[in-house]
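Input: a single structure, listed below in structure tokens.
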Amino acid sequence: MTNGLYDVVIVGGGNAALCAALAANEAGARVVLLERAPQAECGGNSRFTSGSMRFPYESVEDLRPIFSDLSDAELANLDFGTYPQADFFDDMFRVSNYRTDPQLCEQLVTKSYDTARWLAGKGIRFIPRMAHAFKINGRFKMAPGLASEAVGGGEGLVEKQTQIAIKNGVEVRYDARVVSLLFDGHSVRGVRVKSGRTTTEINAAAVVLACGGFEANTEWRTRYLGPTWDLVKVRGTRFNTGDGLRMALDIGAAPFGNWGSCHSVGWDANAPEFGDLSVGSGFQKHSYPLGIMVNAEGRRFVDEGADLRHFTYAKYGQVILRQPGQFAWQIFDKKAIPLLREDYRIRRVTKVSANSLEELAKKLEGVDPAGFLAEMQAFNNAVQTDLPFDPAVKDGRATTGLSIPKSNWALKIDEPPFEAYQVGCGITFTFGGLRIEPDSGQVIDLDLQPMPGLYAAGEMVGGIFCFNYPGGTGLTSGAVFGRIAGNAAAREALRLKGDRRALA
Ligand SMILES: Cc1cc2nc3c(=O)[nH]c(=O)nc-3n(C[C@H](O)[C@H](O)[C@H](O)COP(=O)(O)OP(=O)(O)OC[C@H]3O[C@@H](n4cnc5c(N)ncnc54)[C@H](O)[C@@H]3O)c2cc1C
């Protein structure tokens, strides 16, 4: 038993946990962070990301304090557009079919810019996210709202956050799997943690659960998401098996949000079972708006140009999973190939090339060649060429007369060489989670009462995302709610000790 050493225990080692640890430490609490993974695999899904975060800004002036390394000349070469809070709200409401919880969404949107500045102030360095940019008339047009990424991507973000936390006095333990909460029937006052063969208890006045969803738990995926979800690949960490959700539900916490859905993408069909840190997010194949996707029958099954990539990619994984054989091929020709994202140029890629569509048809493993050639002809005949192609905006260049339209970026696929990439479904994270108090991150029980001593952040929070997701919001959500929960947990702990800092 470890008594009296800590005020706040943080469970998890990703972005949400580290932001909670930084905030609790800043508020004056003695903090221990318990990460289930060994140090070599620490950092959760956060480490697999590109480090890009969504937040609003009115002009480039708002971005200056965040991109502190960039000169005026460098900034002048980049067209960030604007991304007012109203646009962030609209995006959240639209992609969730108006089901995002309004109070959680309000916190997310209104606190995200401040939180990015808070991280920058702590020493996290951000640079413009060029992977989402297109060069137009000599200037780079950035994706509004998705303007930034942490230096070193997710890996750099987690490493730097950990360094800062340790430097400020947070104790970080690896190989420390929290197995249950110390609950006296009213309050949570610590955790039981297993390291190797030893299980010990750590007492603390407050616990922040930031230990991910259940995406890496095959049985839970099948139970909550449904049949065939046992067959998907996990894009990130193997350690997010729903431990924190189980612990909290076991003592009466209320589940909340969209437990039957998740974030999932088109992911290389031959990617490994779990994420591989040496590849990171490279198995994703997100340039489908520049081409088409066909299934085993050779048929298109989705509007590849329905919206900008970062508003459709997170829901198309599950559409691929519903296809016969649970796979699809993405098809591109000479015009689109130079525009494909960097993910298409990694070494571990399932790709075929051909100099004619007939040759390509024979190479698409698992696909009916006649069906494919008929589909290509129908698609090419339906492409309207009156509007110019512009990959940076919704260009309205569409098909006509097809039962499944392509609403933007419709280019005929008729110029060799042709390339095709095989994808399956890769799960990113689950949307269902715990019900929390939006202002404090405190977990709510089934009687809708706050649970003393228990807080949650990151993927563990239910009610924010539903059906779909705007790119770059996972890290933002983890940072916003991690900061809120860490601060509130520290205040509860200090209040119990009679520490005056809790009143500050
Ligand atoms: C390949 C990939 C790319 C992505 N790209 C982006 C992006 O660019 N931008 C973006 O915003 N989002 C992105 N996301 C989503 C983003 O990673 C998540 O939404 C976010 O990082 C979740 O943060 P978190 O701290 O809640 O969870 P995680 O970062 O997953 O951290 C959970 C932690 O809990 C630990 N843990 C689990 N069980 C226990 C236990 N019992 N005891 C102790 N510790 C435990 C895990 O080891 C892990 O360290 C991406 C995800 C993936 C997989």
Side-chain angles (χ1 to χ4, degrees), residues 9-21 33-39 41-55 112 129 131-132 146 148-150 153-154 157-158 161-162 172-181 191-195 207-217 233-247 262-265 267 271 274-277 279-284 286 310 313-314 343 426-431 433 456-461 464-465 469-479 481-482 485:
V9 173
I10 311 281
V11 186
N15 171 59
L18 287 158
C19 288
L33 179 144
L34 304 172
E35 158 66 298
R36 171 179 173 183
Q39 191 166 359
E41 293 177 84
C42 71
N45 281 342
S46 305
R47 184 160 163 196
F48 285 85
T49 70
S50 57
S52 65
M53 286 176 76
R54 180 177 292 271
F55 56 82
S112 51
R129 170 94 177 122
H132 298 145
L146 268 184
S148 74
E149 66 184 14
L157 176 71
V158 166
Q161 287 172 326
T162 308
V172 175
R173 295 194 202 167
Y174 298 102
D175 278 311
R177 181 177 186 176
V178 172
V179 289
S180 58
L181 298 165
V191 297
R192 216 164 269 115
V193 58
K194 190 165 176 289
S195 291
V207 173
V208 180
L209 292 173
C211 46
F214 59 87
E215 53 273 6
N217 184 329
K233 305 288 173 67
V234 175
R235 295 179 67 206
T237 179
R238 65 192 170 95
F239 296 103
N240 288 0
T241 52
D243 281 9
L245 295 169
R246 176 189 47 74
M247 282 177 241
C262 65
H263 181 306
S264 64
V265 308
W267 191 245
F274 298 109
D276 178 337
L277 281 166
V279 179
S281 54
F283 291 119
Q284 69 199 13
H286 287 348
H310 42 267
Y313 77 106
D343 322 323
I427 186 168
T428 318
F429 68 94
T430 44
F431 289 160
E459 292 179 3
M460 294 201 57
V461 177
I464 301 173
F465 304 116
Y469 157 104
T473 319
L475 288 175
T476 301
S477 166
F481 289 102

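Small disclaimer: the values here were computed from a predicted structure and weren't measured. First listed ligand is number 1; within each ligand, the first listed atom is number 1.
- Ligand 1 lies nowhere less than 4.0 angstrom from a heavy atom belonging to G275.
- Of the heavy atoms in D243, only side-chain atoms (C-beta onward) come closer than 4.0 Å to ligand 1.
- The aromatic rings of F431 and F465 are tilted relative to each other, their planes meeting at an angle between 30° and 60°.
- Under 4.0 angstrom from ligand 1, the non-hydrogen atoms of T473 all belong to its backbone.
- Of all the heavy atoms of T241, none lies under 4.0 Å from any atom of ligand 1, so neither backbone nor side chain is involved.
- Heavy atoms of S477 found under 4.0 angstrom from ligand 1: none, in either backbone or side chain.
- In A210, the part holding a heavy atom less than 4.0 Å from any atom of ligand 1 is the backbone.
- The closest approach between a heavy atom of G478 and any atom of ligand 1 is not below 4.0 Å.
- Within the 4.0 Å heavy-atom shell around ligand 1 one does not find G471.
- In this structure, Y469 has a heavy atom closer than 4.0 Å to ligand 1.
- At least one heavy atom of E35 sits closer than 4.0 Å to an atom of ligand 1.
- Applying the salt bridge (Lys or Arg N to Asp or Glu O under 4.0 Å) rule to E35 yields no partners; only residues at least two apart in sequence or on another chain are considered.
- Under the salt bridge (Lys or Arg N to Asp or Glu O under 4.0 Å) criterion, D175 pairs with no residue at all, not counting sequence neighbours.
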